[in-house]
Amino acid sequence: MAISILRDMGLTHGPTFDEAEPETPIPCEGDRTSNPALQEMFSSAVQQAEAFGHNYIGTEHLLLGLLSGNSPAALWLRQRGIDTAAVRAKVDQLMNDH
């Protein structure tokens with residue numbers, strides 16, 4: 001669902017995604033579950049799912065969880081007009097359509 005939301009909001013594969021070079025490298029070794037930012041994003045995703053009354057964590061919840069933080073990815077998305085309120089409205093719309 002997150003891909004559909006991002007496409008509907010104007011983000012597509014190609015030059016837009018190519019410019020999203022990671023500013024902060026993500027280490028490949030070690031336990032990633034101890035990363036506080038990642039834990040916060042997943043915790044927020046759970047809260048988002050609960051707020052919608054969903055009993056699962058979908059990509060839409062992960063996207064909302066990501067946007068709740070200040071990671072480079074969240075800032076990059078916000079710079080392109082993707083914010084929590086717009087994504088939440090899109091999730092509501094998609095859920096009502098199904």
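Owing to the predicted nature of the structure, the values given are computational and were not obtained by experimental measurement. We number each residue from 1, following the sequence as shown.
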Student: Minimum heavy-atom separation for Glu60 and Tyr56, please, with both atom names.
Tutor: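 Answer, listing the atom of Glu60 first, then Tyr56: OE2-OH, 3.1 Å.
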Student: Would you check, one step at a time, whether the test side-chain contact (heavy atoms from CB on, under 4.5 Å) holds for Ile3 with Thr59?
Tutor: CA-CA 8 Å; Ile3 290 293; Thr59 57; over 6 Å; no
Student: Any side-chain heavy-atom pair from Arg88 and Gln48 closer than 4.5 angstrom?
Tutor: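 They are in side-chain contact.
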Student: Might you point out which heavy atoms bring Ile57 and Ala49 nearest each other, and give the distance in Å?
Tutor: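 Between these two residues, the closest heavy atoms are CD1-CB, 3.7 Å.
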Student: Taking C-beta and beyond as the side chain, do Met1 and Leu94 meet within less than 4.5 Å on heavy atoms?
Tutor: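 In contact.
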Student: Are Val87 and Val46 co-members of a hydrophobic cluster defined by side-chain heavy atoms under 4.5 Å apart?
Tutor: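 Yes, Val46 connects to Val87 through the hydrophobic network.
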Student: Any side-chain heavy atom of Phe42 within less than 4.5 Å of one from Leu66?
Tutor: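 Answer no - side chains too far apart.
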Student: Using side-chain heavy atoms (C-beta onward) and a distance below 4.5 Å, is Leu77 in contact with Asp83?
Tutor: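 Sidechains of Asp83 and Leu77: no contact.
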Student: Minimum heavy-atom separation for Ala86 to Met9, with atom names?
Tutor: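 Ala86 and Met9 have their closest heavy atoms at CB-CE, 3.1 Å.
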Student: Of the non-hydrogen atoms in Gly65 and Ser44, which two are nearest, and what is the gap between them?
Tutor: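 Heavy-atom minimum between the residues: CA-OG, 3.5 Å.
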Student: Nearest 0.5 Å, what's the CD1-CD1 distance between Ile5 and Ile82?
Tutor: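 Rounded to the nearest 0.5 Å, the CD1-CD1 separation comes to 9.5 Å.
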Student: How far does CZ of Arg80 sit from CG of Leu11, to the nearest 0.5 angstrom?
Tutor: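 It is 7.5 Å, given to the nearest 0.5 Å.
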Student: Using the rule that Ile, Leu, Val, Met, Phe, Trp and Tyr join whenever any side-chain heavy atoms are under 4.5 Å apart, tell me whether Leu63 and Met95 fall into a single cluster.
Tutor: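 As far as the 4.5 Å side-chain criterion goes, Met95 and Leu63 are connected within one cluster.
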Student: To the nearest 0.5 Å, tell me how far His61 NE2 sits from Leu64 CG.
Tutor: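 Separation between the atoms: 7.5 Å.
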Student: Identify the two heavy atoms, one from Leu62 and one from Met41, that lie closest to each other, and give their separation to 0.1 Å.
Tutor: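 In terms of heavy atoms, the two residues are closest at O-SD, 3.6 Å.
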